[in-house]
Amino acid sequence: MKVFGSFLLALTLALPAAAGEVYIPFLAADAPGTDSGRSTFPTVTLYNLGGVHRRYVVRFTPAGEDGTQVRELVATELLAPQGSRQEDCCGRQSGLLVVSGAPQIAVGARLGLLFNQPGPNGLLTRLPVLTARDALRPGTTAVLHGLQGTANAGTLSSLGILNLGTATARCVVAIGIFEQFFPELGQVLVPPLSVAAFPDVFLRLRGPSGPLGFETRTRVRCDQPFYPFGVNFSGIPAPQNNLPWVEFVPPSVQLGNVP
């Protein structure tokens, strides 16, 4: 996580998970304490390790769309030897970025947002760059530790499920002791090579009768290769002078899977 002062912010048919493709899932949310009307946005960084010009292509599948049918072209460029470039994307949409290109291209990604404390500033956290090998096996129960929330939206958690399979995934989500509050998560359908996005998953727990603050243990199981993830955003309580923060939450490592 880094804090910066004053920083700027075609449709193509897709193929199933393929060699040479990497996947960057992300969630867009109007995080607490950010500028009015602003939300998180992803940035892809590309670097050419080779000695000649090499091409890359960045495409975007909005959350809930079928990634075998819908991939919007974000950018395609020739990158000079030892050259680098950044590509921003997607406005206020959640979804999946797919990057393909020459094997000499190295890919990184991060999630950014804007906030005002005391003036315009930026906040960044790293996003994972995944391959098909990073998917959890169908039928596996994945655990996300530490999705957080508060009754007054001082902290906001987003939940996403990436389906890396080529058929629609049926997923079940159980959130700590709060399962009874989330019937919509009892069965989540995720299109192939796409993301199901819940930008403010604890919204219904807010209000005078909601818990003042809580941290959950979220369990996710799907019948296709999948990768669940979350993002925590903390805003700025008015009487205090704390800076906001953002945290990407990957699935926890299970010891039974360690070689």
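All residue numbers in this chain count up from 1 along the given sequence. Predicted model only: the values in this text are computed from it and were never measured.
- Note that OG1 of Thr43 and CG of Leu97 are 9.5 Å apart. Values are rounded to the nearest 0.5 Å.
- For the pair Val129 and Val107, the tightest heavy-atom approach, listed with the atom from each and the gap, is CG2-O, 3.8 Å.
- Using a distance-only test at 3.5 Å, with no hydrogens or angles considered, a donor-acceptor pair links the side chain of Ser194 to the main chain of Glu65.
- A side-chain donor-acceptor contact under 3.5 Å links Thr131 to the backbone of Arg133.
- Shown here for Leu111 and Pro42, the closest heavy-atom pair between the two residues is CD1-N, 4.2 Å.
- No donor-acceptor pair closer than 3.5 Å links the side chain of Asn232 to the backbone N or O of Glu247.
- Side-chain contact between Val70 and Pro62 is present, with heavy atoms from C-beta onward closer than 4.5 Å.
- In this structure the side chain of Val143 never reaches within 4.5 angstrom of the side chain of Pro251, judged on heavy atoms.
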task = Take Leu193 and Arg71 through the side chain to side chain contact (heavy atoms under 4.5 Å, CB included) test and state the conclusion after the steps.
result = CA-CA 10 Å; Leu193 294 177; Arg71 285 188 184 173; 3.6 Å; yes
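- Of all the heavy atoms in Ser94 and Ala28, the pair that sits closest is OG-N, 2.8 Å.
- Under a hydrophobic-cluster definition in which Ile, Leu, Val, Met, Phe, Trp and Tyr are linked whenever side-chain heavy atoms come within less than 4.5 Å, directly or via other members, Ile24 and Tyr47 are assigned to different clusters.
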task = Start with the C-alpha gap between Val74 and Arg59, add the side-chain angles, then the distance that decides, and say whether side chain to side chain contact (heavy atoms under 4.5 Å, CB included) holds.
result = CA-CA 5 Å; Val74 174; Arg59 297 186 175 94; 5.7 Å; no
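- Contact annotation: the side chain of Phe229 approaches that of Val195 to within less than 4.5 Å [non-hydrogen atoms, C-beta and beyond].
- No donor-acceptor distance shorter than 3.5 angstrom exists from the side chain of Asn48 to the backbone of Gly83, with no hydrogens or angles considered.
- With a 4.5 Å cut-off on side-chain heavy atoms, Leu136 and Pro228 count as touching.
- Taking each heavy atom of Val99 and Leu46 in turn, the nearest pair found is CG1-CD2, 3.8 Å.
- Atom-to-atom distance recorded for Tyr23:OH and Asp134:CG is 11.0 Å, nearest 0.5 angstrom.
- Distance check: Leu124 CG to Phe41 CZ gives 7.0 Å after rounding to the nearest 0.5 Å.
- Using a 4.5 Å cut-off on side-chain heavy atoms (C-beta onward), Tyr227 and Pro250 make contact.
- Across all non-hydrogen atoms, the minimal contact from Val190 to Asn163 is O-ND2, 3.1 Å.
- Panel note: side chain Gln82, backbone Leu49; a donor-acceptor pair is recorded below 3.5 Å.
- Between Tyr56 and Val44 the shortest side-chain heavy-atom distance does not fall below 4.5 Å.
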message = Please determine whether side chain to side chain contact (heavy atoms under 4.5 Å, CB included) holds for the pair Val173 and Ile161, giving the CA-CA distance in whole Å, both sets of side-chain angles, and the decisive distance to 0.1 Å.
response = CA-CA 10 Å; Val173 181; Ile161 305 172; 3.8 Å; yes
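- Counting only heavy atoms from C-beta outward, the side chains of Arg110 and Gln86 approach each other to under 4.5 Å.
- With values rounded to the nearest 0.5 angstrom, Arg219 atom CZ is found 12.0 Å from Leu185 atom CG.
- Once rounded to the nearest 0.5 Å, the distance linking CD1 of Ile105 with CZ of Arg55 reads 10.5 Å.
- With Asp66 contributing its side chain and Pro191 its backbone, the two residues share no donor-acceptor pair below 3.5 Å.
- By the 4.5 Å heavy-atom criterion applied to side chains, Phe226 and Val220 are counted as neighbours.
- Here the straight-line distance linking atom OG of Ser158 with atom CG of Leu147 works out to 9.0 Å at 0.5 Å rounding.
- Here the closest heavy-atom approach between residue Gly165 and residue Gln224 is recorded as CA-OE1, 3.7 Å.
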